[in-house]
Peer 1: 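Once you've had a glance at the structure underneath, I'll fire off some questions.
Remember, predicted model here, so these are calculated numbers, not experimental data.
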Amino acid sequence: MKFVLLVLVALVACGDDSTPPPDAGDDGGGEDVPRGPVPFSVATWNVENLFDEVDDPEKLDELPSSRAVEGKLEALGRVIRALDADIVALQEVENEAILNRLADGPLADMGYTERHLIDGFDRRGIDVACLSRVPITNVVSHQGESFPAADGSRDFFFTRDALEIFAEPGGVPIIVMILHLRSMLDDGDDHRLAEAIQARRIADRRVEMGFDRFLIVGDFNDLPGSEVLDAIVDDEAFIDQSLTVPVDDRWTFDFRGRLQLVDYIVGSPLMDAARDDALIVHGPEVDAASDHAPVRVSFEL
């Protein structure tokens with residue numbers, strides 16, 4: 001399996017959620033924050049249609065065979081095991097049951113005791129999800145919150161949520177927001193841009209509250225330099241580090257022979273400063289499991 005250096009700092013936004021987050025404290029951690037560096041790693045991966053064998057009559061879900069499902073779980077497990085990340089953000093997961101099968105099956109010894117997924121509005125039933133082996137103190141969903149289009153012409157919702165994970169690796173508080181923005185193939189450009197702007201709003205608000213270790217991760221379904229990426233990325237407030245990766249290695253999706261970067265990890269300045277290294281994983285085992293490549297970034301907090 002080929003590991004390619006990549007770094008992307010994550011950005012996320014904070015909406016009008018009614019769920020109060022944990023107290024950020026004076027420095028986001030209080031006196032319990034360790035003085036030494038805390039190793040911490042995050043991976044994000046669009047796992048391409050992780051469906052179970054059960055028909056959901058309310059969704060246009062796929063119905064793979066039991067054998068196909070087990071093969072898919074084993075293939076995903078091999079790659080996630082190699083990533084060895086503390087928090088794994090996933091996109092295109094059908095439900096909590098299949099997420100648990102992944103964590104309790106091929107990843108049973110990896111310590112992913114925290115599993116989180118909230119059903120979204122996607123008509124196919126694909127959701128964002130999280131596996132974590134570090135303590136989670138709170139989970140905030142932005143599903144169902146409305147926000148305006150960029151031109152104010154109408155309101156939108158997150159198609160697949162903007163899921164905020166409040167974690168405390170080694171006692172250090174950090175927020176990881178997981179996104180899967182509207183696809184470019186769904187005539188969803190206005191919708192995707194509105195989602196990106198709202199995600200950044202949420203992130204800015206969290207930082208104002210004192211949560212200065214913040215990551216936005218996931219499948220943004222758009223390219224560097226696009227209006228969508230520019231709505232999230234900010235060279236001072238939220239930094240995209242993908243430009244540090246050699247151009248030939250900087251891709252996560254092969255679209256009809258064109259290698260594109262559409263999956264990102266973007267973060268606040270404290271996360272940028274704490275970055276240790278980053279990887280994009282390519283190779284036959286990844287290709288056997290999904291049409292996207294996973295991104296992994298490690299930090300010393």
Side-chain angles (χ1 to χ4, degrees), residues 8 10-17 44-51 56 58-62 89-95 117-130 140-164 176-204 215-233 238 240 242 251-256 258 260-266 290-295:
L8 303 123
L11 22 106
V12 179
C14 165
D16 299 326
D17 58 277
T44 182
W45 194 14
N46 181 324
V47 292
E48 189 191 10
N49 300 331
L50 180 54
F51 290 103
D56 182 345
E58 297 182 358
K59 301 288 185 179
L60 300 176
D61 56 332
E62 297 180 8
L90 301 173
Q91 300 87 50
E92 298 201 11
V93 181
E94 182 179 13
N95 52 43
L117 177 150
I118 294 176
D119 288 330
F121 296 147
D122 186 273
R123 60 187 178 181
R124 295 173 58 233
I126 52 174
D127 301 309
V128 298
C130 170
V140 175
S141 169
H142 296 275
Q143 191 65 45
E145 299 173 2
S146 64
F147 45 86
D151 61 4
S153 60
R154 56 168 296 184
D155 285 342
F156 288 110
F157 300 90
F158 282 110
T159 306
R160 293 173 283 256
D161 207 351
L163 190 64
E164 288 187 283
V176 178
M177 176 183 276
I178 306 171
L179 299 177
H180 184 188
L181 302 184
R182 188 84 171 194
S183 172
M184 288 190 280
L185 301 177
D186 288 343
D187 295 324
D189 291 353
D190 292 343
H191 196 158
R192 183 171 62 262
L193 177 58
E195 290 177 320
I197 293 171
Q198 180 66 5
R200 177 61 190 270
R201 281 195 199 103
I202 297 169
D204 286 341
L215 295 172
I216 303 174
V217 313
D219 180 355
F220 295 178
N221 262 317
D222 223 321
L223 307 177
S226 66
E227 193 174 11
V228 167
L229 263 293
D230 288 346
I232 295 176
V233 174
F238 284 97
D240 174 5
S242 66
W251 63 277
T252 60
F253 186 68
D254 183 345
F255 180 69
R256 299 173 183 173
R258 297 198 298 270
Q260 301 178 336
L261 180 65
V262 296
D263 303 89
Y264 299 85
I265 296 178
V266 185
S290 175
D291 59 351
H292 285 244
V295 182

Peer 1: Indicate the atoms forming the closest heavy-atom contact of Leu179 with Val128, along with that distance.
Peer 2: C-CG1, 4.0 Å
Peer 1: Under 4.5 Å between any side-chain heavy atoms of Val262 and Leu223, yes or no?
Peer 2: yes
Peer 1: For Gly144 versus Phe157, what's the shortest heavy-atom pair and its separation?
Peer 2: O-CE2, 3.2 Å
Peer 1: Quick one: closest heavy-atom pair of Ala194 and Phe156, and the distance?
Peer 2: CB-CD1, 3.6 Å
Peer 1: Looking only at heavy atoms, what is the nearest atom pair of Pro148 and Asp155, with distance?
Peer 2: CA-OD1, 3.6 Å
Peer 1: Under a 4.0 Å N-O cut-off, is there an ion pair linking Arg192 with Asp189?
Peer 2: yes
Peer 1: Flag the pair Gln198 / Glu195 as yes when at least one side-chain heavy-atom distance between them is below 4.5 Å, and no otherwise.
Peer 2: no
Peer 1: Roughly how far, to the nearest 0.5 Å, is CD1 of Ile118 from CG of Asp127?
Peer 2: 9.5 Å
Peer 1: Would you say Glu164 and His142 are linked by a side-chain donor-acceptor pair, where the criterion is simply a distance under 3.5 Å?
Peer 2: yes
Peer 1: How long is the span from the CG atom in Asn221 to the OG1 atom in Thr159, to the nearest 0.5 Å?
Peer 2: 10.0 Å
Peer 1: Closer than 3.5 angstrom, by distance alone: can the side chain of His191 be matched with the main-chain N or O of Ser183 as a donor-acceptor pair?
Peer 2: no
Peer 1: Looking at Glu48, I want to see if its CD is surrounded by more than 12 non-hydrogen atoms of other residues, nucleotides or ligands under 6.0 Å.
Peer 2: yes
Peer 1: Are any of the side-chain heavy atoms of Gln91 and Thr44 separated by less than 4.5 Å?
Peer 2: yes
Peer 1: Search all heavy atoms of Ala196 against all heavy atoms of Ala231 and return the closest pair with its distance.
Peer 2: CB-CB, 4.1 Å
Peer 1: Would you compute the distance between atom SG of Cys130 and atom CG of Leu117 and round it to the nearest 0.5 angstrom?
Peer 2: 10.0 Å
Peer 1: What distance separates Tyr264 OH from Leu229 CG, expressed to the nearest 0.5 Å?
Peer 2: 4.0 Å
Peer 1: Tell me every residue that passes ring pair (Phe, Tyr, Trp, His ring centres under 6.0 Å) with Phe158, counting only those two or more places apart in sequence or in another chain.
Peer 2: Phe147
Peer 1: What is the distance from atom CG of Asp263 to atom NE2 of His180, rounded to the nearest 0.5 Å?
Peer 2: 8.0 Å
Peer 1: State whether the side chain of Asp161 and the backbone N or O of Gln143 hold a donor-acceptor pair below 3.5 Å, judged by distance alone.
Peer 2: yes
Peer 1: Check whether any side-chain N or O of Arg160 sits under 3.5 Å from a backbone N or O of Leu181 as a donor-acceptor pair, and report yes or no.
Peer 2: yes
Peer 1: With a 4.5 Å cut-off on side-chain heavy atoms, are Glu94 and Asp56 touching?
Peer 2: yes
Peer 1: Do Glu92 and Asp122 pass the side-chain contact (heavy atoms from CB on, under 4.5 Å) test, and can you show the C-alpha distance, the side-chain angles, and the key distance before you say yes or no?
Peer 2: CA-CA 10 Å; Glu92 298 201 11; Asp122 186 273; over 6 Å; no
Peer 1: Going through the checks in order, is the side-chain contact (heavy atoms from CB on, under 4.5 Å) test met by Trp45 and Thr252?
Peer 2: CA-CA 9 Å; Trp45 194 14; Thr252 60; over 6 Å; no
Peer 1: Is the shortest heavy-atom distance from the side chain of Phe51 to the side chain of Ile126 under 4.5 Å?
Peer 2: yes
Peer 1: What distance separates Asp291 CG from Asn49 CG, expressed to the nearest 0.5 Å?
Peer 2: 7.5 Å
